[in-house]
Amino acid sequence: MASQTSPIPLFGFSSPGPFFGNKVRAFWNLQILGWLGWFGLRVVSGLAGGQAFDFLVLVVVSAVTGFSLTLLLSVCYRALINRRTILMWGASFGLLAFATAVWAFIDAWLFQILKPDSETSFTGLLLVSIYIDATTLAAWSALYFAINYFLQLEEQNDRVLRLEAQAASAQLAMLRYQLNPHFLFNTLNSISTLVLLKQTEPANAMLSRLSAFLRYTLANEPTAQVTLAQEVETLKLYLDIEKMRFEDRLRPHFHIDPAVQRARLPSLLLQPLIENAIKYAVTPQEEGADITLAAQLAGQNVRITVSDTGTGLSADGVDPTTGVATESTGVGLANIRDRLAQAYGDQQRFEVQSGTDGGFTVIIEIPFQPDGQATIGTERT
């Protein structure tokens with residue numbers, strides 16, 4: 001495992017997260033660093049210009065004054081930043097001018113006290129100080145507003161992303177819950193039929209299998225992903241229930257490449273396909289039908305195929321663009337298509353095929369994400 005570099009504390013603050021994760025700490029770090037840099041530049045430029053060492057007193061006092069004034073400005077700016085534009089900018093420029101005048105007056109006054117023999121008048125000193133101090137405070141104010149507007153924009157983007165993720169999760173949950181009542185109604189109807197026919201043993205067996213199936217499915221969150229192996233085990237529980245009804249007429253077959261058993265996919269994604277195959281291939285035919293589920297690698301994707309040997313659909317029974325079967329299986333197929341789009345976006349393929357001699361096939365391709373790796377799209381592990 002690669003070693004991770006520990007963050008370097010700055011001015012006694014540990015910063016394990018993003019620099020602006022703690023706004024107060026980030027402000028003080030920038031404030032202290034900025035004014036230390038300003039102080040250093042003034043000292044270097046003064047000494048390089050031949051100033052005496054008593055010039056350091058002026059620079060220290062000026063730095064402390066500027067530091068204090070910008071702290072007061074930050075409090076005022078924070079109160080103004082979300083006000084109406086005219087009020088904010090008008091008040092900000094007024095505060096900036098006032099702070100500049102105060103700082104320049106202190107600089108000029110102190111310079112006259114320390115250097116009484118200077119030939120420069122107080123007015124001249126004041127004008128020079130105003131130019132330097134106004135430039136410094138204007139740069140500080142511009143940086144303050146730029147950083148705060150950037151942080152507000154980032155917060156808004158984060159809120160939008162969170163809302164989109166919540167909306168996507170809610171939609172996935174809705175699609176999942178749309179499946180469970182449909183399956184539950186069909187199964188309970190079959191159990192009711194067995195009870196009416198006084199076939200208590202098959203009814204009890206079906207109830208036991210239904211209990212096991214529901215216990216497994218309800219243990220997973222509606223937006224969760226499971227491995228293909230887990231999905232297949234769930235389908236086998238479901239098929240055990242249906243075989244109580246159809247016996248030898250229902251002939252399921254599984255051809256799962258071991259390489260894709262750990263591939264992740266949305267929970268209960270394939271169950272509606274098996275349910276449709278039973279309803280529209282097994283039920284209408286006296287001899288029943290074969291239902292085959294196959295899965296293998298297709299490049300960087302997992303290709304899952306569910307096919308049956310039923311009568312298929314008529315030529316105009318399927319919309320090849322949307323994959324919606326207008327005659328019968330439209331709700332289930334549209335549901336699966338929506339879940340795939342929510343989970344994988346454009347990184348998925350959903351295709352339906354109806355053979356001329358009968359049979360119906362659904363082909364799904366999704367990115368191969370082995371168990372333990374991050375998932376694609378809005379669903380999370």
Side-chain angles (χ1 to χ4, degrees), residues 7-15 19-83 87-152:
I8 301 175
L10 185 57
F11 300 108
F13 297 101
S14 175
S15 180
F19 182 79
F20 289 106
N22 186 324
K23 294 182 181 179
V24 175
R25 178 178 59 200
F27 171 81
W28 282 105
N29 287 345
L30 290 174
Q31 179 79 346
I32 294 171
L33 276 176
W35 282 104
L36 284 177
W38 184 90
F39 175 78
L41 288 175
R42 287 294 301 272
V43 169
V44 170
S45 62
L47 295 178
Q51 297 283 351
F53 280 100
D54 58 356
F55 175 74
L56 292 176
V57 177
L58 289 171
V59 178
V60 169
V61 174
S62 183
V64 172
T65 304
F67 185 91
S68 303
L69 286 172
T70 50
L71 288 181
L72 294 175
L73 284 176
S74 69
V75 175
C76 297
Y77 288 165
R78 190 180 308 118
L80 291 170
I81 197 167
N82 292 319
R83 299 296 183 91
L87 174 62
M88 183 194 70
W89 289 117
S92 298
F93 280 118
L95 289 168
L96 179 60
F98 178 76
T100 300
V102 171
W103 193 10
F105 178 84
I106 293 174
D107 284 348
W109 175 70
L110 185 62
F111 188 88
Q112 268 200 336
I113 292 177
L114 294 178
K115 296 183 180 296
D117 55 345
S118 174
E119 297 179 357
T120 308
S121 65
F122 181 80
T123 303
L125 292 173
L126 188 61
L127 291 174
V128 172
S129 298
I130 286 177
Y131 173 76
I132 297 174
D133 297 343
T135 302
T136 302
L137 289 180
W140 184 94
S141 299
L143 186 62
Y144 180 90
F145 280 106
I147 291 175
N148 276 274
Y149 280 128
F150 169 77
L151 292 178
Q152 287 183 356

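Nothing fancy with the numbering, it's 1 onward along the sequence.
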Between atom CD1 of I81 and atom SG of C76, what is the distance when rounded to the nearest 0.5 Å? 13.0 Å

What's the spacing between T123 OG1 and L127 CG if we round to 0.5 Å? 6.5 Å

Between Y144 and S74, a side-chain donor and acceptor under 3.5 Å: no

Does atom CZ of F122 have more than 12 heavy-atom neighbours from other groups under 6.0 Å away? yes

Show your reasoning for whether side chain to side chain contact (heavy atoms under 4.5 Å, CB included) applies to L71 and F27. CA-CA 10 Å; L71 288 181; F27 171 81; 3.8 Å; yes

Closest non-hydrogen atom pair between V59 and W38, with its separation: O-CZ3, 4.2 Å

Measure the shortest side-chain to side-chain distance between R42 and I132 over non-hydrogen atoms and say whether it is less than 4.5 angstrom. yes

Rounded to the nearest 0.5 Å, what separation is found between the CG atom of L125 and the CD1 atom of I130? 11.0 Å

What are the two closest non-hydrogen atoms of Y77 and S141, and how far apart are they? OH-OG, 2.9 Å

Rounding to 0.5 Å, atoms CG (L69) and CG (D133) come to a distance of 9.0 Å

M88 side chain reached by F145 side chain, heavy atoms, under 4.5 Å: yes

Going by atom type alone, with no hydrogens or angles, which donor-acceptor pairs under 3.5 Å involve a side-chain atom of residues 30-37 and a protein atom two or more places apart or on another chain?
from : atom 1 : to   : atom 2 : distance (Å)
Q31  : OE1    : W140 : NE1    : 3.0
Q31  : NE2    : F67  : O      : 3.4
Q31  : NE2    : T70  : OG1    : 2.8
W35  : NE1    : T70  : OG1    : 3.3

Please output the side-chain donor-acceptor pairs of residues 98-112 that fall under 3.5 Å, not counting sequence neighbours, one pair per line with the distance.
from : atom 1 : to  : atom 2 : distance (Å)
T100 : OG1    : L96 : O      : 2.8
W103 : NE1    : S62 : O      : 3.1
W103 : NE1    : S62 : OG     : 3.1
D107 : OD1    : S62 : OG     : 3.2
D107 : OD2    : S62 : OG     : 3.3

